[in-house]
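A quick write-up on the structure given underneath.
All figures in this text were calculated on a predicted structure; none of them were measured in a lab. Lettering of chains follows the sequences in order, A, B, ..., and the numbering in each one begins at 1.
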Amino acid sequence: MVPLEEQLKRLKRRAVDIIPESDLIKKLERALRTQKPLRVKLGVDPTSPDIHIAIGVVLQKLRDFQDCGHTAVLIVGDFTARIGDPSGRSAQRKMLSKAEIEENMQRYQEQALKILDPHRLEVRYNSEWLEGMSFDKLLELASKYTVAAMLEREDFAKRFQANVPISLVEFLYPLAQAYDSVAIQADVELGGEDQRFNLLIGRAIQERYGQEPQVCFIAAPVLEGIDGVKKMSKSFGNYVGVTDPPNEMFGKLMSIPDALIERYVTFMTDLNWEEIKRLHPKEQKQRLAHAIVTRYYDEATADAALAEFERVFARKERPTEVQKIYLDKSVLKPNGTVWIVELIAPLAKSRSEAKRLIEQGAVELDSVKITRTDQDVPFRDGLLVKVGKHTFAELHIQ
RNA sequence: GCCGGGGUACCGAAGCGGCCAAACGGGACGGACUGUAAAUCCGUUGGCCUAUGCGCCUACGGGGGUUCAAAUCCCUCCCCCGGCACCA
């Protein structure tokens with residue numbers, strides 16, 4: 001195990017809040033003394049198997065704990081995911097079957113292992129202890145917390161005041177999460193800023209079950225998505241996935257609003273903001289994008305992504321690799337032409353959409369802008385189509 | 001359970017018998033400008049049809065009805081909100 005000073009330095013780096021820090025130090029000291037690693041819990045949601053780079057920040061912190069010699073305990077909230085949430089607040093949590101959860105977690109783990117160390121890792125499903133919980137046990141759990149305390153959560157308080165429904169399940173949900181901490185005897189629980197309330201409940205509940213309360217470790221703020229407005233989330237479509245292909249990852253990061261650069265640089269990279277901030281914003285983003293691609297792939301890949309970006313968007317050249325689209329041979333006319341709309345339709349949501357895109361000047365065929373829909377164009381194998389700024393495709397007939 | 005208000009497109013919200021694929025705002029998308037930034041400006045925003053046509057189909061919570069014609073009127077069911085009642 002790593003010496004205390006070093007552990008602290010590493011763990012506190014970029015941490016948003018540690019509640020309370022003195023407990024963390026105490027626990028770390030004891031771990032060193034007894035050579036018993038701390039159990040560091042992180043709850044994961046099996047409804048979304050895709051990890052984005054904001055969650056990556058939290059996983060990174062979990063990795064720090066592992067590197068200090070502690071045990072990471074991933075709690076898969078499979079039980080809660082199967083129940084669903086009737087009041088369906090922000091993103092309606094849809095109910096999942098056992099098989100779906102299993103599959104999602106398979107994918108999740110693959111991605112998480114891009115960050116975590118498989119050796120100091122324990123994965124547990126909370127159905128293990130929640131599924132068989134009897135009603136009297138549930139009542140016991142419920143008796144350990146009060147409505148008043150629940151209403152301290154801002155979101156609940158607001159909704160309560162505004163008469164927006166709050167399902168009882170929403171009260172039970174944090175209790176279930178808290179009970180997870182009891183079940184696995186967590187020493188530390190990690191989470192983003194949005195989890196602060198839940199982590200604190202875990203701490204309180206453990207104490208009421210006669211356990212030493214966990215340290216609540218806020219590892220990341222709520223990071224905005226690439227739109228710079230809403231929090232990063234798959235359901236808002238404003239995320240960068242840790243498995244996004246390098247070029248896409250790079251491109252997405254280049255399109256973030258300037259106001260976001262500092263936060264991303266600070267929380268997602270080891271770059272020195274004081275240095276970076278002197279550069280031109282475009283340069284700043286390039287550094288950021290390069291650093292993040294390097295983290296999830298490697299430096300050579302990041303170099304290539306940078307070069308490709310310059311090539312396609314700065315110099316407006318054709319990308320080195322383009323998706324291939326195969327058209328049915330029935331669209332090809334005897335004279336070797338294809339109606340333009342047939343050509344674009346596979347790249348649009350609908351044929352009407354394809355037509356609109358053409359009329360709006362979003363379409364280029366072999367770098368020639370097309371704006372009329374009532375025309376047939378000569379087809380050649382490998383014809384290059386560009387739709388909007390981002391989408392390229394090479395067309396073939398099948 | 002009773003009384004009242006409400007359920008319209010991705011979201012918010014108009015419309016309250018025909019001119020409604022549905023005003024307006026937001027979002028999203030496309031274009032111009034740029035640094036694939038922001039701001040701004042312009043345009044698009046159900047689907048289908050070789051396709052700009054007073055074309056066809058689907059759509060205003062579900063179902064049924066009145067009418068030449070319904071998002072708009074009537075019946076019924078479901079859901080949400082508020083008030084009252086109930087309170088083991």
Does [X] have a side-chain nitrogen or oxygen under 4.0 Å from the phosphate oxygens OP1 or OP2 of [N]?
| X | N | result |
| --- | --- | --- |
| A:Ser350 | B:C48 | yes |
| A:Thr373 | B:A51 | no |
| A:Arg351 | B:G47 | no |
| A:Ser352 | B:C48 | yes |

Q | Test of ring centre spacing under 6.0 Å for A:Phe171 and A:Tyr145 | A | no
Using atom [atom1] of each nucleotide, how far apart are [N] and [M] to the nearest Å?
| N | M | atom1 | value |
| --- | --- | --- | --- |
| B:G43 | B:G26 | P | 14 Å |
| B:G17 | B:G7 | P | 16 Å |
| B:A13 | B:A23 | C1' | 10 Å |
| B:C68 | B:C49 | C1' | 28 Å |
| B:G35 | B:C20 | C1' | 44 Å |
| B:G18 | B:U72 | C1' | 11 Å |
| B:G82 | B:U76 | P | 25 Å |
| B:A14 | B:A22 | C1' | 10 Å |

Q. Would you call the rings of A:His52 and A:Tyr239 parallel, tilted or perpendicular if under 30° counts as parallel and over 60° as perpendicular?
A. tilted
(Q) Can you tell me how the ring of A:Phe313 sits relative to the ring of A:His390, calling it parallel under 30°, perpendicular over 60° and tilted otherwise? (A) tilted
Q: Under 3.5 Å for both distances, Watson-Crick or G-U wobble, that's the pair rule; now give the dot-bracket for RNA chain B, with | marking pairs to another strand and [ ] for crossing ones.
A: ((((((((.[[[..)..(.....]]]((((((.......))))))((((...).)))...[[[[[..)....]]]]])))))))....
(Q) Within the 3.5 Å criterion, strictly below it, is a donor on A:Glu308 or A:Asn247 matched to an acceptor on the partner's side chain? (A) no
Q.
Between A:Gln195 and A:Glu189, is there a side-chain donor-acceptor contact under 3.5 Å, judged purely by atom types and distance?
A. no
Within the 4.0 Å heavy-atom criterion, would you say [X] contacts the bases, only the backbone, or no part of the nucleic acid?
| X | answer |
| --- | --- |
| A:Lys252 | nothing |
| A:Asp258 | base |
| A:Glu359 | base |
| A:Gly251 | base |
| A:Pro257 | sugar-phosphate |
| A:Ile261 | nothing |

Q. RNA chain B: A:Glu353 or A:Pro281, which has the more 5' nearest nucleotide?
A. A:Glu353
Q) Which sits closer to the 5' end of RNA chain B, A:Lys282 or A:Gly388, going by the nucleotide each is nearest to? A) A:Gly388
Restricting to nitrogen or oxygen on both sides, can you table the protein-nucleotides 40-45 of chain B pairs closer than 3.5 Å?
residue, atom, partner, partner atom, Å
B:G43, N2, A:Gln360, OE1, 2.9
B:G43, N3, A:Gln360, OE1, 3.2
B:U44, O4', A:Gln360, OE1, 3.0

Q | Candidate nucleotides B:A51, B:G30, B:A32, ranked by approach to the side chain of A:Leu357 - the nearest | A | B:G30
Q.
Given B:G35, B:G31, B:A51, identify the nucleotide with an atom nearest to the side chain of A:His280.
A. B:G35
Q | Interatomic spacing from CZ in A:Arg124 to CD1 in A:Ile184 - rounded to 0.5 Å | A | 7.5 Å
**Q.** Criterion side-chain hydrogen bond (donor to acceptor under 3.5 Å, both in side chains) on A:His396 and A:Glu394, from CA distance to verdict
**A.** CA-CA 7 Å; A:His396 299 276; A:Glu394 209 178 88; 3.0 Å; yes
Q.
Can you confirm whether A:Glu122 sits close enough to A:Arg39 that some side-chain heavy atom of one is under 4.5 Å from a side-chain heavy atom of the other?
A. yes
(Q) I'd like to check A:Arg63 versus A:Asp67 (side-chain heavy atoms, cut-off strictly below 4.5 Å). Are they in contact? (A) yes
Q.
Counting only heavy atoms not in A:Gln106 (residues, nucleotides, ligands), do more than 12 fall under 6.0 Å from its CD?
A. no
Q. Please give, in whole Å, the distance from B:G30 P to A:Glu364 CD?
A. 13 Å
(Q) For A:Tyr296, does the six-membered ring have the charged nitrogen or CZ of A:Lys114 within the cation-pi criterion, i.e. under 6.0 angstrom from the centroid and within 45° of the normal? (A) no
